[in-house]
Amino acid sequence: MTGKVYIVGAGPGRKDLLTLRAYELIKKADVILHDALIGDVADILRESRAEIINVGKRSGKHRKTQEEINQMLVEYAKQGKIVVRLKGGDPCVFGRGGEEAEVLAINGIPFEFVPGITSAVAVPESVGIPVTHRRYDPAVVFITGRESRERLNWEALARLNATIVVLMGVGRVGEISRLLIKHGKDPNTPVAVIERGLSDKQRVLIVTLEKLPNKVKEEKIKAPAVIVIGGVVELFGVLGGAVKI
Ligand code: SAH
C-alpha cells in the first residue's frame, strides 16, 4: 500500500512555534526529511521514532539536489511509509512545497500540506514590527531576492504603497535599493534587516533604503535575514524596546 507524504512547515526556528499538527506528525512519521533551517525544532525531532534525514546538509561537497529529494519522497511513499517533509517557516512561502507536491501528484502519491508560521511575518513581528498597521501601507508584498531582478515589475512595486518583505535578499540589497529608488520609492523609506531572527544570535539593523547596501556590508550581515521595507519599520522605535520574546 502506498504511504503518504506530509509537506510540513516547521515555523521560523523555535520549537514552541511549531503547530500541534506538525508535532503530532513528527511523532507518527516513519521517515522525516528536513532542511537545514529548523533551529531548535531539532530537539523535537529527537523525540521521534522516525528515520531522520537532513537533506539540507552537505555531505562532502555534495548537497542533495531537488530531483534527488523528489525521488526520495516518491520512493519512501511507495514503500508504504508515512513521510514528513519538514521545511522552515511555511512550506509554500518560497519553500518549494508546491514543486514537491506536483511530483507527488504526478506519481499518484497521497500528500497533504501542513502550514507553518512563516518567517516573513514572524521574524519582523518578534522584534516589534507588524507587517501591516492601519496607519501605514494598506498591502504587504513578499518577494525573494533570487530571480526577482529579472521577473519583478519594479516600477509597479515601487509605486504600490505596500510593505515589502524580502526573503533570501541579503546578497541582493544593492539591486533592491537601486531599483526601488530608480522607480520612485522614497530613498528615506525606513528598512529593517533582521538577521537570524528568533534566535539568541539575532541582530536588527534599522536603516534607510538609500543606505541599506552600505550598512549591510559594514555590519557584515549574513543570511538568513528578513528585510522589511516600509513605514511600519518606524514602529520598531515604539515597540522594539517593549516587545519581549
Ligand atoms: N518557507 C520559509 C522561507 C524559506 S526561504 C518561510 O516561510 O519562512 C529562506 C529565507 O527565509 C531566508 O533566506 C531568510 O530570508 C528567511 N528566514 C527564515 N528563517 C529565518 C530566521 N529565523 N531569521 C531570519 N530570516 C529567516
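Both counts, for ligands and for their atoms, begin at 1 and track the order of listing.
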Exercise for the section: Flag yes if more than 12 heavy atoms outside R151 fall under 6.0 Å of its CZ atom; otherwise flag no. Expected result: no

Exercise for the section: May I ask you to identify, for T144, whether its side chain, its backbone, both or neither come under 4.0 Å of ligand 1 on a heavy-atom basis? Expected result: neither

Fill in the blank from the handout: ligand 1 atoms nearer than 4.0 angstrom to some heavy atom of P12 are 22 (N)

Exercise for the section: For F94, take its heavy atoms, then give the atoms of ligand 1 lying under 4.0 Å from any of them. Expected result: 4 (C), 5 (S)

Handout entry: Side-chain heavy-atom pair T19, P115 within 4.5 angstrom cut-off
Key = no

Problem - Listed once per pair and sorted, the side chain to side chain donor-acceptor pair (under 3.5 Å) pairs that draw on residues 95-119, sequence neighbours left out - result: K4-E112, R21-E112, Q66-R96, Q66-E100, R85-E100, K87-E100

Exercise for the section: Within a distance under 4.0 Å of any heavy atom of R196, pick out the atoms of ligand 1 and give their elements. Expected result: 23 (N), 24 (C)

Handout entry: Nearest candidate to atom 15 (O) of ligand 1, where distance is taken over non-hydrogen atoms, out of P224, A225, G13, G89
Key = A225

Handout entry: ligand 1 to T118 polar contact by distance, N or O atoms, under 3.5 Å
Key = yes

Exercise for the section: Give a yes or no on whether a salt bridge exists between R172 and E175, defined as a side-chain N under 4.0 angstrom from a carboxylate O. Expected result: yes

Handout entry: N or O pair under 3.5 Å between L167 and ligand 1
Key = no

Problem - Under the side chain to side chain donor-acceptor pair (under 3.5 Å) test, residues paired with K81 that sit two or more places apart - result: Q79

Handout entry: Spacing of L209 atom CG and L180 atom CG [to the nearest 0.5 Å]
Key = 5.5 Å

Handout entry: Heavy-atom nearest neighbour of atom 13 (O) of ligand 1 within options M168, K87, R203, R14
Key = M168

Practice task
Would you mind finding which of P124, S126, S119 brings a heavy atom closest to atom 17 (N) of ligand 1?
Solution key: S119

Problem - Any N or O of I117 closer than 3.5 Å to N or O of ligand 1 - result: no

Handout entry: ligand 1 contacted by I194 (non-hydrogen, < 4.0 Å)
Key = yes

Practice task
State, yes or no, whether a side-chain contact exists between Q202 and I194 at a heavy-atom distance under 4.5 Å.
Solution key: yes

Exercise for the section: Number the atoms of ligand 1 from 1 as they appear, then name those within less than 4.0 Å of a heavy atom of V226, with their elements. Expected result: 24 (C), 25 (N), 26 (C)

Handout entry: Reported CZ-to-NE2 distance for the pair R178 and H183, which is rounded to 0.5 angstrom
Key = 9.5 Å

Exercise for the section: Please say whether G88 places an N or O atom under 3.5 Å from an N or O atom belonging to ligand 1. Expected result: yes

Exercise for the section: Using a strict cut-off of less than 4.0 Å between a Lys/Arg side-chain nitrogen and an Asp/Glu carboxylate oxygen, indicate whether K78 and E75 qualify as a salt bridge. Expected result: no

